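The structure appears right after this line, and notes come after that.
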Amino acid sequence: LGRIDHQVKLRGFRIELGEIEAQLRSHGLVREAVVLAREDRPGDKRLVAYVVGREGLALDTGRLREHVASKLPEYMVPSAFVVLDWLPLTPSGKVDRRALPAPELGERGEYVAPRTELERRLCEIWEELLGVERVGIEDNFFDLGGHSLLATQLVSRVRAALGVEVPLRELFEHPTIARFCERLPGLTSGLVLPEIAVLERRERLALSYAQQRLWFIDRLEGGSSQYNIPVAVGLKGELDVASFAGALSTIVERHESLRTVFAEVDGEAYQVVRTGVDFHLAERDLSGLEAEERRRTVLRLAQEDARRPFDLNRDLLLRASLLKLSAEDHVVLLNMHHIASDGWSMGVLMQEIRTLYEAYRAGKPNPLAPLRVQYADYAQWQRQWLRGEVLEGQLSYWRRQLA
């Protein structure tokens with residue numbers, strides 16, 4: 001594997017960058033390789049590979065991506081590959097990671113228009129998902145800024161639009177629309193997932209399997225904080241506290257999973273979606289403290305909040321504290337439990353806070369469209385679908401693999 005000293009966390013996965021670098025160097029044409037997790041656009045953190053080829057040999061980044069995808073899981077495949085003549089070094093002879101250039105995403109060759117209705121529909125899906133204009137059938141999904149999480153969303157949209165269940169790896173191995181379309185006819189007989197239906201809200205609702213695992217661990221360990229998802233965000237400028245608190249209250253009302261509690265009867269857990277709950281934004285004024293004491297206090301409060309466990313029987317699964325440092329400088333501490341959230345959810349949370357705050361501060365109503373389904377609908381859908389022949393097929397696969 002090489003040296004294991006550059007671990008990063010990306011979209012909920014812990015990744016050893018050295019493992020990816022080792023797989024790149026195992027390619028016969030690669031002499032040197034370095035992988036970074038970059039965030040050149042706010043909120044868009046992605047893996048970027050920098051490679052130096054062997055003397056006199058040309059590197060095909062598409063082939064390199066296929067090579068890595070054949071060895072590692074999808075979330076470890078870099079979104080961008082940058083070919084360099086040499087790697088920049090520090091005076092001590094180590095790779096100067098700060099000097100590595102940002103990748104130029106969105107580069108593409110000559111535009112090739114769709115030839116069929118299927119290709120046209122896929123181009124529209126790619127354009128909407130990637131946020132780019134006029135995608136051609138020879139454009140590479142990953143060169144346009146795609147990554148493993150967007151690939152998962154693409155597969156979901158293809159399923160909804162075309163009724164075809166496409167394995168994620170197909171996109172990694174065939175990343176252009178022209179090649180992707182060639183694969184679709186052979187996939188039309190595959191498993192197609194049913195639609196998620198909206199449930200009538202009963203007193204007791206089933207847990208998803210992910211919720212059940214986390215509930216079990218919480219009961220086993222007696223209220224651990226290891227599945228907390230804390231974040232501290234600096235807010236610069238004049239803050240309308242009432243609008244900010246209103247944005248958070250709307251989010252708790254909007255997402256049932258944040259006001260869900262978990263109860264137990266005869267050893268079996270179920271979830272209850274609470275209604276009519278009041279969300280409280282805790283406020284603390286630190287503006288009277290000296291600068292160094294204020295800094296230490298913010299750090300201490302952030303650490304205390306991160307370590308404070310949630311009571312899954314009664315707590316809202318989002319809590320927030322607003323620390324006032326000065327009239328135009330605040331820190332907000334946000335914390336959610338993993339049973340209601342993940343790394344992707346944090347991005348949704350921050351975007352919705354921003355959207356709602358801007359609207360409320362301007363005296364406008366909630367601009368967010370209502371949610372068609374909630375997590376409890378998904379949990380019931382999963383329980384109904386993953387049983388009988390489908391469940392046995394999944395279990396049989398893993399029994400074979402583990403044997």
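All values derive from a computational prediction rather than experimental measurement.
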Report yes or no: do [X] and [Y] form a side-chain donor-acceptor pair below 3.5 Å?
X: Tyr375; Y: Ser208; result: yes
X: Gln351; Y: Arg354; result: yes
X: Thr250; Y: Tyr360; result: yes

From Leu36 atom CG to Arg98 atom CZ, the distance as rounded to the nearest 0.5 Å:
11.5 Å
Using a strict 4.0 Å threshold on nitrogen-to-oxygen distance, state whether Asp377 and Arg201 make a salt bridge.
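Judged by the 4.0 Å cut-off on N to carboxylate O distance, Asp377 and Arg201 do form a salt bridge.
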Do any N or O atoms from the side chain of [X] and from the backbone of [Y] form a donor-acceptor pair under 3.5 angstrom?
X: Asn228; Y: Arg308; answer: yes
X: Arg25; Y: Ala33; answer: yes
X: Arg294; Y: Leu289; answer: yes
X: Arg387; Y: Gln384; answer: yes
X: Gln271; Y: Leu205; answer: no
X: Arg319; Y: Asp305; answer: yes
X: Arg307; Y: Ser225; answer: no
X: Ser396; Y: Gly393; answer: no
X: Ser345; Y: Asp342; answer: yes

Counting only heavy atoms not in [X], do more than 12 fall under 6.0 Å of its [atom1]?
X: Arg300; atom1: CZ; result: yes
X: Arg63; atom1: CZ; result: no
X: Glu392; atom1: CD; result: yes
X: Glu117; atom1: CD; result: yes

Has Arg383 got its NZ or CZ under 6.0 Å from the middle of the six-membered ring of Tyr209, at an angle within 45 degrees of the ring axis?
yes
State, with a plain yes or no, whether a side-chain heavy atom of [X] is found less than 4.5 Å away from one of [Y].
X: Tyr50; Y: Pro103; value: yes
X: Glu253; Y: Arg259; value: yes
X: Glu21; Y: Val34; value: yes

How are the rings of His337 and Tyr227 set relative to one another: parallel (under 30°), tilted (30 to 60°) or perpendicular (over 60°)?
tilted
Parallel, tilted or perpendicular: which one describes the rings of Trp126 and Phe180, with boundaries at 30° and 60°?
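Plane angle between 30° and 60°, so tilted.
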Heavy-atom closest pair, residues Gly136 and Ile177
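Nearest heavy atoms, Gly136 then Ile177: O-CD1, 4.3 Å.
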